[in-house]
Protein chains: 2
Amino acid sequence: MGLDELDVQILAHYQYDTRTPAHVIGRTVGLSTAAVQRRLKRLREAGVIEAEIAQLAPAALGLPVTCLVDVQLEREGAADLHRFRQRMAAFPEVQQCYYVTGQADFILVVLTADLAAYEAFTRRALLDDGNVRSFTSHIVLERVKVGLSVPLSVSVRR
Amino acid sequence: MGLDELDVQILAHYQYDTRTPAHVIGRTVGLSTAAVQRRLKRLREAGVIEAEIAQLAPAALGLPVTCLVDVQLEREGAADLHRFRQRMAAFPEVQQCYYVTGQADFILVVLTADLAAYEAFTRRALLDDGNVRSFTSHIVLERVKVGLSVPLSVSVRR
DNA sequence: ACTGAAAAGTTCAGCCA
DNA sequence: TGGCTGAACTTTTCAGT
(Lines give C-alpha, C1' and ligand atoms only; values in the text may rest on other atoms or scores of the structure.)
Protein backbone atom coordinates (compact mmCIF):
# COMPACT_ATOMS: atom_id res chain seq x y z
CA MET A 1 0.00 0.00 0.00
CA GLY A 2 1.62 3.20 -1.12
CA LEU A 3 0.82 6.21 1.00
CA ASP A 4 1.56 9.59 -0.43
CA GLU A 5 2.14 12.84 1.41
CA LEU A 6 -1.57 13.74 1.27
CA ASP A 7 -2.63 10.45 2.86
CA VAL A 8 -0.23 11.05 5.74
CA GLN A 9 -1.50 14.60 6.20
CA ILE A 10 -5.09 13.39 6.26
CA LEU A 11 -4.28 10.64 8.77
CA ALA A 12 -2.33 13.05 10.96
CA HIS A 13 -5.58 14.98 11.41
CA TYR A 14 -8.02 12.14 11.34
CA GLN A 15 -6.36 9.88 13.92
CA TYR A 16 -7.00 12.45 16.64
CA ASP A 17 -10.58 13.27 15.72
CA THR A 18 -12.72 11.22 13.38
CA ARG A 19 -15.61 13.66 13.76
CA THR A 20 -13.87 16.39 11.82
CA PRO A 21 -15.90 16.79 8.60
CA ALA A 22 -14.09 15.83 5.41
CA HIS A 23 -14.39 19.32 3.95
CA VAL A 24 -12.51 20.77 6.95
CA ILE A 25 -9.65 18.31 6.52
CA GLY A 26 -9.83 19.04 2.82
CA ARG A 27 -9.34 22.74 3.38
CA THR A 28 -6.21 22.23 5.48
CA VAL A 29 -4.57 19.75 3.11
CA GLY A 30 -5.80 21.36 -0.10
CA LEU A 31 -8.24 18.73 -1.35
CA SER A 32 -11.98 18.58 -2.02
CA THR A 33 -14.48 16.87 0.28
CA ALA A 34 -14.95 13.97 -2.11
CA ALA A 35 -11.23 13.41 -2.53
CA VAL A 36 -10.72 13.21 1.24
CA GLN A 37 -13.61 10.74 1.60
CA ARG A 38 -12.27 8.59 -1.20
CA ARG A 39 -8.85 8.44 0.41
CA LEU A 40 -10.28 7.59 3.82
CA LYS A 41 -12.30 4.80 2.25
CA ARG A 42 -9.20 3.47 0.52
CA LEU A 43 -7.18 3.64 3.76
CA ARG A 44 -9.91 1.72 5.59
CA GLU A 45 -10.06 -1.00 2.96
CA ALA A 46 -6.26 -1.28 2.89
CA GLY A 47 -6.21 -1.77 6.66
CA VAL A 48 -4.16 1.33 7.37
CA ILE A 49 -7.13 2.55 9.40
CA GLU A 50 -7.84 -0.49 11.55
CA ALA A 51 -10.84 0.94 13.35
CA GLU A 52 -12.63 4.13 14.25
CA ILE A 53 -13.10 3.97 17.98
CA ALA A 54 -14.12 5.99 21.03
CA GLN A 55 -11.49 6.58 23.65
CA LEU A 56 -13.24 6.33 26.99
CA ALA A 57 -12.07 7.70 30.35
CA PRO A 58 -11.38 4.67 32.57
CA ALA A 59 -11.83 6.71 35.73
CA ALA A 60 -15.25 7.95 34.63
CA LEU A 61 -16.29 4.35 34.09
CA GLY A 62 -15.27 3.26 37.55
CA LEU A 63 -11.85 1.84 36.64
CA PRO A 64 -9.34 4.28 38.13
CA VAL A 65 -6.59 1.71 38.78
CA THR A 66 -4.18 0.84 35.97
CA CYS A 67 -1.41 -1.70 36.50
CA LEU A 68 1.39 -2.89 34.24
CA VAL A 69 2.43 -6.49 34.87
CA ASP A 70 5.54 -8.36 33.75
CA VAL A 71 4.79 -12.07 33.56
CA GLN A 72 7.32 -14.92 33.34
CA LEU A 73 6.11 -18.36 32.34
CA GLU A 74 7.40 -21.70 33.57
CA ARG A 75 7.32 -23.55 30.26
CA GLU A 76 7.46 -21.66 26.97
CA GLY A 77 6.45 -24.22 24.38
CA ALA A 78 4.26 -23.12 21.52
CA ALA A 79 1.20 -24.70 23.11
CA ASP A 80 1.91 -23.01 26.45
CA LEU A 81 2.28 -19.63 24.84
CA HIS A 82 -0.89 -20.10 22.84
CA ARG A 83 -2.85 -21.11 25.91
CA PHE A 84 -1.66 -18.06 27.87
CA ARG A 85 -2.48 -15.68 25.03
CA GLN A 86 -5.98 -17.11 24.79
CA ARG A 87 -6.53 -16.74 28.53
CA MET A 88 -5.36 -13.12 28.61
CA ALA A 89 -7.48 -12.18 25.63
CA ALA A 90 -10.52 -13.49 27.47
CA PHE A 91 -10.04 -11.40 30.62
CA PRO A 92 -11.88 -8.10 30.28
CA GLU A 93 -9.52 -6.49 32.80
CA VAL A 94 -6.64 -6.98 30.35
CA GLN A 95 -6.67 -3.92 28.16
CA GLN A 96 -3.38 -4.62 26.41
CA CYS A 97 -1.17 -7.72 26.18
CA TYR A 98 2.24 -7.97 24.52
CA TYR A 99 4.43 -11.01 23.98
CA VAL A 100 7.99 -9.73 24.31
CA THR A 101 11.68 -10.62 24.40
CA GLY A 102 13.75 -10.21 27.58
CA GLN A 103 13.33 -11.47 31.13
CA ALA A 104 9.58 -11.12 31.00
CA ASP A 105 7.55 -13.14 28.54
CA PHE A 106 4.37 -11.10 28.57
CA ILE A 107 3.57 -7.56 29.61
CA LEU A 108 -0.01 -6.67 30.46
CA VAL A 109 -1.93 -3.45 30.97
CA VAL A 110 -4.73 -4.15 33.43
CA LEU A 111 -7.64 -1.86 34.41
CA THR A 112 -9.61 -2.40 37.60
CA ALA A 113 -11.98 -0.62 39.97
CA ASP A 114 -9.55 -0.71 42.91
CA LEU A 115 -6.56 -2.58 44.31
CA ALA A 116 -8.73 -5.31 45.78
CA ALA A 117 -10.12 -6.02 42.32
CA TYR A 118 -6.58 -6.01 40.96
CA GLU A 119 -5.47 -8.56 43.54
CA ALA A 120 -8.48 -10.69 42.72
CA PHE A 121 -7.49 -10.49 39.07
CA THR A 122 -3.90 -11.57 39.73
CA ARG A 123 -5.22 -14.55 41.66
CA ARG A 124 -7.62 -15.71 38.97
CA ALA A 125 -5.43 -14.86 35.99
CA LEU A 126 -1.89 -15.49 37.21
CA LEU A 127 -1.58 -17.31 40.53
CA ASP A 128 -4.17 -19.92 39.60
CA ASP A 129 -2.49 -20.47 36.24
CA GLY A 130 -0.18 -23.44 36.73
CA ASN A 131 2.33 -22.16 34.20
CA VAL A 132 3.13 -18.68 35.62
CA ARG A 133 6.57 -18.71 37.24
CA SER A 134 6.46 -15.14 38.56
CA PHE A 135 5.06 -11.71 37.90
CA THR A 136 5.84 -8.15 38.90
CA SER A 137 3.20 -5.45 39.28
CA HIS A 138 3.68 -1.77 38.58
CA ILE A 139 0.83 0.43 39.69
CA VAL A 140 0.39 3.41 37.38
CA LEU A 141 0.65 6.67 39.29
CA GLU A 142 0.27 8.84 36.24
CA ARG A 143 -0.46 8.43 32.55
CA VAL A 144 2.09 10.78 31.09
CA LYS A 145 1.10 9.94 27.54
CA VAL A 146 -1.67 7.73 26.29
CA GLY A 147 -1.45 5.47 23.29
CA LEU A 148 -3.81 7.10 20.92
CA SER A 149 -1.50 8.18 18.20
CA VAL A 150 0.94 6.78 15.72
CA PRO A 151 3.89 9.12 15.31
CA LEU A 152 3.42 10.07 11.69
CA SER A 153 6.25 12.56 11.76
CA VAL A 154 8.63 9.64 12.24
CA SER A 155 7.22 7.52 9.48
CA VAL A 156 7.07 9.93 6.57
CA ARG A 157 8.99 8.34 3.74
CA ARG A 158 9.68 10.46 0.70
CA MET B 1 -21.73 11.48 36.37
CA GLY B 2 -24.27 8.72 36.75
CA LEU B 3 -24.21 6.12 34.03
CA ASP B 4 -27.18 3.83 33.73
CA GLU B 5 -27.35 0.41 32.15
CA LEU B 6 -28.32 1.86 28.76
CA ASP B 7 -25.33 4.22 28.69
CA VAL B 8 -23.00 1.31 29.32
CA GLN B 9 -24.65 -0.75 26.59
CA ILE B 10 -24.31 2.12 24.13
CA LEU B 11 -20.65 2.64 25.03
CA ALA B 12 -19.90 -1.06 24.82
CA HIS B 13 -20.91 -0.88 21.18
CA TYR B 14 -19.70 2.59 20.35
CA GLN B 15 -16.15 2.25 21.70
CA TYR B 16 -15.36 -0.35 19.06
CA ASP B 17 -16.94 1.43 16.12
CA THR B 18 -17.95 5.06 16.12
CA ARG B 19 -19.26 4.74 12.57
CA THR B 20 -22.22 2.63 13.55
CA PRO B 21 -25.30 4.80 12.95
CA ALA B 22 -27.29 5.78 16.03
CA HIS B 23 -30.42 3.97 14.85
CA VAL B 24 -28.50 0.66 14.63
CA ILE B 25 -27.23 1.04 18.19
CA GLY B 26 -30.74 2.06 19.14
CA ARG B 27 -32.21 -1.14 17.76
CA THR B 28 -29.82 -3.34 19.72
CA VAL B 29 -30.31 -1.55 23.04
CA GLY B 30 -34.00 -0.79 22.55
CA LEU B 31 -33.89 2.99 22.20
CA SER B 32 -34.80 5.50 19.51
CA THR B 33 -32.27 7.21 17.28
CA ALA B 34 -32.75 10.52 19.02
CA ALA B 35 -32.29 9.03 22.47
CA VAL B 36 -28.99 7.39 21.49
CA GLN B 37 -27.69 10.64 20.02
CA ARG B 38 -28.69 12.60 23.08
CA ARG B 39 -26.88 10.14 25.35
CA LEU B 40 -23.73 10.18 23.23
CA LYS B 41 -23.73 13.96 23.35
CA ARG B 42 -24.10 13.90 27.12
CA LEU B 43 -21.29 11.34 27.45
CA ARG B 44 -19.02 13.50 25.32
CA GLU B 45 -19.73 16.61 27.34
CA ALA B 46 -19.24 14.75 30.62
CA GLY B 47 -15.82 13.57 29.45
CA VAL B 48 -16.71 9.89 29.58
CA ILE B 49 -15.97 9.82 25.87
CA GLU B 50 -12.59 11.53 25.77
CA ALA B 51 -12.14 11.43 22.01
CA GLU B 52 -13.28 9.72 18.85
CA ILE B 53 -10.13 8.55 17.15
CA ALA B 54 -8.81 6.36 14.35
CA GLN B 55 -6.72 3.37 15.30
CA LEU B 56 -3.98 3.11 12.69
CA ALA B 57 -1.85 0.07 11.84
CA PRO B 58 1.73 0.96 12.82
CA ALA B 59 3.17 -1.60 10.42
CA ALA B 60 1.25 -0.14 7.48
CA LEU B 61 2.72 3.25 8.32
CA GLY B 62 6.29 2.02 8.30
CA LEU B 63 6.62 1.51 12.07
CA PRO B 64 6.70 -2.27 12.52
CA VAL B 65 8.91 -2.30 15.63
CA THR B 66 7.29 -1.86 19.04
CA CYS B 67 9.39 -1.88 22.20
CA LEU B 68 8.42 -1.65 25.84
CA VAL B 69 11.06 0.00 28.01
CA ASP B 70 11.46 0.04 31.80
CA VAL B 71 13.36 3.14 32.86
CA GLN B 72 14.99 3.79 36.24
CA LEU B 73 16.04 7.31 37.12
CA GLU B 74 19.05 8.39 39.14
CA ARG B 75 17.38 11.15 41.13
CA GLU B 76 13.63 11.17 41.68
CA GLY B 77 12.89 14.65 42.93
CA ALA B 78 9.73 16.37 41.76
CA ALA B 79 11.70 18.52 39.32
CA ASP B 80 13.54 15.48 37.92
CA LEU B 81 10.32 13.60 37.38
CA HIS B 82 8.70 16.59 35.74
CA ARG B 83 11.62 17.08 33.39
CA PHE B 84 11.59 13.44 32.32
CA ARG B 85 7.83 13.47 31.69
CA GLN B 86 8.20 16.56 29.54
CA ARG B 87 11.00 15.01 27.52
CA MET B 88 9.11 11.78 26.86
CA ALA B 89 5.96 13.60 25.86
CA ALA B 90 7.96 15.45 23.22
CA PHE B 91 9.37 12.35 21.51
CA PRO B 92 7.07 11.24 18.70
CA GLU B 93 8.42 7.68 19.00
CA VAL B 94 6.93 7.46 22.50
CA GLN B 95 3.39 6.27 22.00
CA GLN B 96 2.61 5.65 25.65
CA CYS B 97 4.35 6.66 28.88
CA TYR B 98 3.41 5.62 32.41
CA TYR B 99 4.86 6.74 35.73
CA VAL B 100 4.69 3.68 37.96
CA THR B 101 5.56 2.16 41.31
CA GLY B 102 8.07 -0.67 41.63
CA GLN B 103 11.66 -1.09 40.49
CA ALA B 104 11.08 0.86 37.32
CA ASP B 105 10.07 4.48 37.48
CA PHE B 106 8.68 4.86 33.98
CA ILE B 107 7.45 2.37 31.41
CA LEU B 108 7.36 3.42 27.77
CA VAL B 109 5.80 2.03 24.62
CA VAL B 110 8.00 3.06 21.69
CA LEU B 111 7.26 2.69 17.96
CA THR B 112 10.03 2.80 15.36
CA ALA B 113 10.75 1.86 11.76
CA ASP B 114 13.43 -0.72 12.68
CA LEU B 115 15.86 -1.72 15.40
CA ALA B 116 18.45 0.79 14.24
CA ALA B 117 15.92 3.57 14.72
CA TYR B 118 15.08 2.15 18.13
CA GLU B 119 18.73 2.19 19.16
CA ALA B 120 19.03 5.75 17.93
CA PHE B 121 16.00 6.61 20.02
CA THR B 122 17.45 5.06 23.19
CA ARG B 123 20.61 7.05 22.68
CA ARG B 124 18.87 10.38 22.23
CA ALA B 125 16.13 9.84 24.77
CA LEU B 126 17.76 7.73 27.49
CA LEU B 127 21.56 7.40 27.26
CA ASP B 128 22.08 11.10 26.63
CA ASP B 129 19.77 11.98 29.52
CA GLY B 130 22.04 12.56 32.49
CA ASN B 131 19.45 11.30 34.95
CA VAL B 132 18.68 7.82 33.58
CA ARG B 133 20.29 5.16 35.79
CA SER B 134 19.33 2.17 33.66
CA PHE B 135 16.71 0.87 31.28
CA THR B 136 15.57 -2.50 30.00
CA SER B 137 14.13 -3.05 26.53
CA HIS B 138 11.51 -5.62 25.61
CA ILE B 139 10.96 -6.00 21.91
CA VAL B 140 7.34 -6.84 21.14
CA LEU B 141 7.07 -10.10 19.21
CA GLU B 142 3.29 -10.08 19.12
CA ARG B 143 0.45 -7.80 20.10
CA VAL B 144 -1.89 -10.27 21.72
CA LYS B 145 -4.39 -7.60 22.61
CA VAL B 146 -4.35 -3.94 21.79
CA GLY B 147 -5.51 -1.18 24.06
CA LEU B 148 -8.60 -0.06 22.36
CA SER B 149 -11.24 -0.98 24.84
CA VAL B 150 -12.26 -0.26 28.37
CA PRO B 151 -13.64 -3.41 29.98
CA LEU B 152 -17.21 -2.31 30.48
CA SER B 153 -18.32 -5.68 31.73
CA VAL B 154 -16.08 -5.18 34.74
CA SER B 155 -17.27 -1.70 35.52
CA VAL B 156 -21.03 -2.13 35.53
CA ARG B 157 -22.27 -0.88 38.84
CA ARG B 158 -25.88 -1.53 39.70
C1' DA C 1 -5.65 7.58 -12.47
C1' DC C 2 -7.06 11.01 -9.86
C1' DT C 3 -9.36 15.28 -9.34
C1' DG C 4 -13.53 18.58 -8.44
C1' DA C 5 -18.56 19.67 -8.75
C1' DA C 6 -23.13 18.47 -8.21
C1' DA C 7 -26.87 15.06 -7.26
C1' DA C 8 -28.76 11.54 -4.40
C1' DG C 9 -28.84 9.10 -0.20
C1' DT C 10 -27.87 8.92 5.12
C1' DT C 11 -27.20 10.54 9.31
C1' DC C 12 -27.55 14.04 12.68
C1' DA C 13 -29.59 17.81 15.73
C1' DG C 14 -33.18 20.59 17.33
C1' DC C 15 -38.32 21.16 18.02
C1' DC C 16 -42.65 19.78 19.80
C1' DA C 17 -46.14 16.56 21.44
C1' DT D 1 -38.85 9.82 25.79
C1' DG D 2 -40.33 9.22 20.58
C1' DG D 3 -41.36 11.12 16.07
C1' DC D 4 -40.79 14.65 12.83
C1' DT D 5 -38.29 18.20 10.03
C1' DG D 6 -34.40 20.90 8.22
C1' DA D 7 -29.48 20.96 8.08
C1' DA D 8 -25.13 18.66 7.69
C1' DC D 9 -22.41 15.11 6.20
C1' DT D 10 -21.26 11.34 3.15
C1' DT D 11 -21.32 8.74 -1.13
C1' DT D 12 -22.02 8.13 -5.84
C1' DT D 13 -22.04 9.80 -10.46
C1' DC D 14 -20.13 12.27 -14.07
C1' DA D 15 -17.10 14.98 -16.68
C1' DG D 16 -12.49 17.22 -16.96
C1' DT D 17 -7.41 17.39 -16.61
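The chains referred to below are lettered A, B, ... by the order of the sequence lines, with proteins before strands, and numbering in each begins at 1.
- Side-chain contact of Gln55(B) with Gln15(A): a donor-acceptor pair under 3.5 Å is absent, judged by distance alone.
- With rounding to whole Å, Leu43(A) atom CG is found 13 Å from dT11(D) atom P.
- Thr112(A) and Glu93(A) form no side-chain donor-acceptor contact under 3.5 Å, judged by distance and modelled atom types alone.
- In this structure, Phe84(A) has its ring center closer than 6.0 angstrom to the ring center of Phe106(A).
- Nucleotide dC12(C) holds its P atom 17 Å from the CZ atom of Arg42(B), rounded to whole Å.
- In this structure a side-chain-to-backbone donor-acceptor pair under 3.5 Å is missing from Asp70(A) to Thr136(A).
- Which of dC2(C), dG4(C), dG2(D) sits closest to the side chain of Ser32(A) comes down to dG4(C).
- What separates CG of Asp17(B) from C1' of dT11(C) is a distance of 14 Å, to the nearest Å.
- Here the C1' atom of nucleotide dA1(C) and the CG atom of Asp4(A) are 12 Å apart, to the nearest Å.
- Judged by distance alone, with hydrogens and angles left aside, the side-chain atoms of Arg44(B) form no donor-acceptor pair with the main-chain N or O of Glu50(B) at under 3.5 Å.
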Considering only nitrogen or oxygen atoms on both sides, find all protein atoms under 3.5 Å from nucleotides 13-17 of chain C and state each distance.
residue : atom : partner  : partner atom : Å
dA13(C) : N7   : Gln37(B) : OE1          : 3.0
dG14(C) : OP2  : Lys41(B) : NZ           : 3.4

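- Donor-acceptor pairing under 3.5 Å is lacking for the side chains of Gln9(A) and His13(A).
- In this model, a donor atom of one side chain and an acceptor atom of the other lie less than 3.5 Å apart for Tyr14(A) and Glu52(A).
- Listed by chain and number, the hydrophobic cluster partners of Ile139(B) are Val65(B), Leu115(B), where partners are ILVMFWY side chains within reach of under 4.5 Å, directly or through others.
- Rounded to whole Å, the distance from CZ on Arg39(B) to C1' on dG2(D) is 13 Å.
- A heavy-atom distance below 4.0 Å to DNA chain C is reached by none of the residues of residues 20-28 of chain A.
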